[in-house]
Amino acid sequence: MKYIFRPVPSRRLGQSLGIDTIPLKTCNWNCVYCQLGRSLPVTNQRSEYVPANDLLLEAEQVLGSYRNGEIDWVTFVGSGEPTLHSRLGEIIRSIKKITPLPVAVITNGSLLYLPEVRQELSIADAVLPTLDAGTAELYRKINRPHPEITFQRLVDGLIAFRKEYQGKLWVEVMLVRGLNDSTQALEKISEILQKVKPDAVHINLPTRPPVETWVQAANEEGLMRAISIFGNIAEVVHPAEGSFDLSGYKNIAEAIIGIITRHPMRQDELERTLARWLPYQVKDALRKLETSGLVQIVERNGFQFWSTPPAYYPNEKQSQRTNPKNNN
């Protein structure tokens, strides 16, 4: 499958069937915590990055292979920013004709200042945009956006979308230690949230391999501070427990690549996910894949993660050049 990935467990969306409208790291942000590596380069050009007709044909085939109750949501998420696809609205409408399942779009929200993008997302049942900063300066440090995507455009877009949108608006905040977990930073984010008025705020932590070596998740104190400041609509979203649907993969190597392309994992996580095979078979397959150059090992915060070679992760020296603490 090129554009659809089989249901994966999601704490917010149950068993979520993913639709990927964008090639790896086609994005107008270059977030310091991204699990899929750096965006090289960032792009803000809307285009038909993957053929809409081919994607819909694949989606229809995959959705038809599941029984009622096996999928909870169809989710637009994956390798980049989904709203960069110029036919996204058409794709969402077609998906809703194929299935009665609710549709969610996970987006950075950067293009919501455009009326046409707001219109395209208006028919989704849930939209999950990102707000990691309450000031332009911190926005540039954390999300490192394309020059056209200013902080004011991001905020204006979120507010405008909320006024028009009738579905569930769940804003995501990724907490990075030492950047946006202080009282001052969180209060600035809260000021924006009060203007946006989302239905919920989902607090996330960078548990997958962050692109920059210096990125660390906020500690328990930072989490409690965020919950206190954001109020009752906020909740911490931890990684979901559950099984990945591996029925579409022919062999263990194909399953490994299919999973880690969008979900880089530690080896112990892969062994649990691939429990239908024995641990030694998983290790043997990883060793062969690494030798062949089809996978790469990324070290972050004392852990080794398996990812795919197209994703670019800088080494310690390269990454430290981007550390705001070293550039103040």
Side-chain angles (χ1 to χ4, degrees), residues 5-6 8-13 16 18-40 42 75-82 84 104-110 128-132 141-145 172-177 179-181 202-218 236-242 244 255-270 272-273 286 289 294-316 318-319 322-323:
F5 46 106
R6 298 277 179 172
V8 298
S10 167
R11 183 175 174 182
R12 297 161 295 180
L13 303 170
S16 170
I19 297 183
D20 198 350
T21 60
I22 295 293
L24 181 67
K25 289 305 294 179
T26 301
C27 194
N28 50 15
W29 282 8
N30 200 4
C31 298
V32 299
Y33 55 75
C34 185
Q35 66 179 16
L36 297 177
R38 283 187 183 174
S39 304
L40 298 173
V42 289
T75 307
F76 286 80
V77 64
S79 304
E81 172 47 42
L84 286 173
V105 180
I106 299 179
T107 169
N108 60 27
S110 62
L128 291 74
T130 297
L131 183 67
D132 298 323
K141 287 181 179 179
I142 297 176
N143 304 122
R144 303 187 297 196
E172 299 189 305
V173 180
M174 183 72 78
L175 281 193
V176 180
R177 190 184 307 179
L179 279 183
N180 64 350
D181 62 342
H202 294 162
I203 302 171
N204 296 305
L205 295 173
T207 55
R208 298 295 176 193
V211 60
E212 305 301 345
T213 60
W214 47 266
V215 167
Q216 292 184 312
V236 178
V237 178
H238 296 288
E241 297 292 335
F244 285 68
I256 289 171
I257 292 174
I259 293 169
I260 66 176
T261 296
R262 299 179 179 92
H263 299 275
M265 285 187 173
R266 299 195 310 269
Q267 185 164 315
D268 63 313
E269 292 178 308
L270 270 174
R272 289 196 299 271
T273 300
L286 285 170
L289 286 170
L294 293 175
V295 299
Q296 66 170 321
I297 298 176
V298 182
E299 295 190 11
R300 291 291 186 270
N301 297 321
F303 294 101
Q304 289 187 332
F305 294 86
W306 291 86
S307 184
T308 48
Y312 172 68
Y313 299 87
N315 60 34
E316 177 69 20
Q318 293 168 329
S319 186
T322 69
N323 190 337

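In what follows, residues are counted from 1 in the order of the sequence shown. All heavy atoms count here, side chains included; hydrogens, waters and symmetry mates do not.
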Does the side chain to side chain contact (heavy atoms under 4.5 Å, CB included) test come out yes or no for Val211 and Arg144, once each step is laid out? CA-CA 12 Å; Val211 60; Arg144 303 187 297 196; 4.2 Å; yes
Does the side chain to side chain contact (heavy atoms under 4.5 Å, CB included) test come out yes or no for Ile106 and Phe76, once each step is laid out? CA-CA 6 Å; Ile106 299 179; Phe76 286 80; over 6 Å; no
Residues Gln35, Ser307; criterion side chain to side chain contact (heavy atoms under 4.5 Å, CB included); working and verdict: CA-CA 9 Å; Gln35 66 179 16; Ser307 184; over 6 Å; no
Going through the distances and angles, do Asn204 and Leu175 end up as a side chain to side chain contact (heavy atoms under 4.5 Å, CB included)? CA-CA 6 Å; Asn204 296 305; Leu175 281 193; over 6 Å; no
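Side-chain contact check for His263 versus Thr273: every heavy-atom pair is 4.5 Å or farther apart. With a 4.5 Å cut-off on side-chain heavy atoms, Phe5 and Ile259 do not count as touching. Using a 4.5 Å heavy-atom threshold, the side chains of Trp306 and Pro264 count as separate. Counting heavy atoms from C-beta outward, Thr107 and Leu128 have side chains that stay 4.5 Å or more apart. A 4.5 Å side-chain heavy-atom check between Leu286 and Gln267 finds at least one atom pair inside the cut-off. Between Asp20 and Arg262 there is a side-chain heavy-atom pair separated by less than 4.5 Å. Put simply, the side chain of Leu270 reaches to within 4.5 Å of the side chain of Ile260, judged on heavy atoms. A heavy-atom distance below 4.5 Å is found between the side chains of Arg208 and Met265.
Interatomic distance, CD1 of Ile22 versus CG of Leu84, reported as 5.0 Å (0.5 Å rounding). In this structure, OG in Ser39 is found 10.5 Å from CD in Glu81, a value given to the nearest 0.5 Å. Atom OG1 of Thr207 and atom CD of Glu269 lie 8.0 Å apart (nearest 0.5 Å). Between the CZ atom of Arg38 and the SG atom of Cys27 there is a distance of 14.5 Å, given to the nearest 0.5 Å. Rounded to the nearest 0.5 angstrom, Ile256 CD1 and Leu289 CG are separated by 5.5 Å.
Looking at Thr130, Asn143, Asp132, Asn28 one by one, the single match for side-chain hydrogen bond (donor to acceptor under 3.5 Å, both in side chains) with Asn108 turns out to be Asn28.
Residues Leu24 and Ala311 share a closest heavy-atom pair of CD2-N, 3.7 Å. The shortest non-hydrogen separation linking Val32 to Pro210 is O-CB, 4.1 Å. Residues Trp29 and Ser110 approach most closely at NE1-CB, 3.7 Å, considering heavy atoms. Considering all non-hydrogen atoms of both residues, Thr261 and Leu36 come closest at O-CD2, 3.4 Å. The two residues Ser319 and Thr213 make their nearest non-hydrogen contact at OG-N, 2.8 Å. When every heavy atom of Pro314 is checked against every heavy atom of Glu212, the shortest pair comes out as CG-OE1, 3.6 Å.
No side-chain donor from either of Tyr312 and Gln296 sits under 3.5 Å from a side-chain acceptor of the other.
Note that Arg266 lies in the cation-pi zone of Phe303, set by a 6.0 Å cut-off to the ring centre and a 45° limit from the axis.
Here the side chain of Lys141 pairs no donor or acceptor atom with the backbone of Leu179 at under 3.5 angstrom.
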